[in-house]
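Just so it is clear, the values below take in all heavy atoms, side chains as well, and ignore hydrogens, waters and symmetry mates.
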Amino acid sequence: MSGREAGRDGAGGRPKATGGATRADTGAGGGAPAEYGAWLTSPPKPGRIAAYLALAVLGAVVGTAGALVQGGWFPGGLILALAASAGLFHGGRTATGSQFGVGAPAAGWLVAVILLSLGRPEGDGAFGAGIGPVIYLLGGAVVAVMCATMSRSPQPAANSGRLGK
């Protein structure tokens, strides 16, 4: 086989898929080359499922802490609660490399905040009347949407396939 034919498959003379697939594209933690989008047809990895569950629990914790802090120290606590939510959502996206990395903690955050806003039959609730809780609820949702719709982080360049370069 000549050097030209080595990089092509035997069926149609198309170039072979060589490397280039990133970890976010394959859904795998290994370095094995794979076709783009192969993670869509493969079963989910247990480590990835555990990471998303951990992000959802962390989202619930941040939502609960933010609900308590934003009312306690009004202007500073609100900013701190929204910054913590933004940090968690952006960190989840960066860690997983996918938009679902924002969706998992955002779902945990939303469930915690909704449950805390319902209150009890006695009338007790975590959120008081005022503009602070409204800004926290809407601001957290806006931050989650902003992080989910961000463009992808720049990926390292793929190998060109040329020898000696």
Contact summary for [X] and [Y], nearest pair of heavy atoms:
| X | Y | value |
| --- | --- | --- |
| Ser98 | Tyr52 | OG-OH, 3.0 Å |
| Phe89 | Val102 | O-CG2, 3.5 Å |
| Ala112 | Ala60 | CB-O, 3.5 Å |
| Cys147 | His90 | SG-N, 3.8 Å |

Would you tabulate the side-chain donor-acceptor contacts of residues 77-88 under 3.5 Å, counting partners in other chains and residues two or more places apart, or write 'none'?
unit_1, atom_1, unit_2, atom_2, d
Ser85, OG, Ala81, O, 3.0
Ser85, OG, Trp109, NE1, 3.3

Point-to-point distance, once rounded to the nearest 0.5 Å, from CD of Gln70 to CG of Leu137: 8.0 Å
Residues clustering with Val134 (ILVMFWY side chains joined when closer than 4.5 Å, directly or via others):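 Traced through the cluster, Val134 reaches Leu138.
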Verdict with reasoning, Thr64 to Val113, per side chain to side chain contact (heavy atoms under 4.5 Å, CB included): CA-CA 7 Å; Thr64 302; Val113 168; over 6 Å; no
Shared hydrophobic cluster for Leu118 and Val111 (ILVMFWY, side-chain gaps under 4.5 Å): yes
Within one Ile-Leu-Val-Met-Phe-Trp-Tyr cluster: Ile114 and Ile135, side-chain cutoff 4.5 Å: yes
Any donor-acceptor N/O pair, Tyr136 side chain to Gly63 backbone, under 3.5 Å: yes
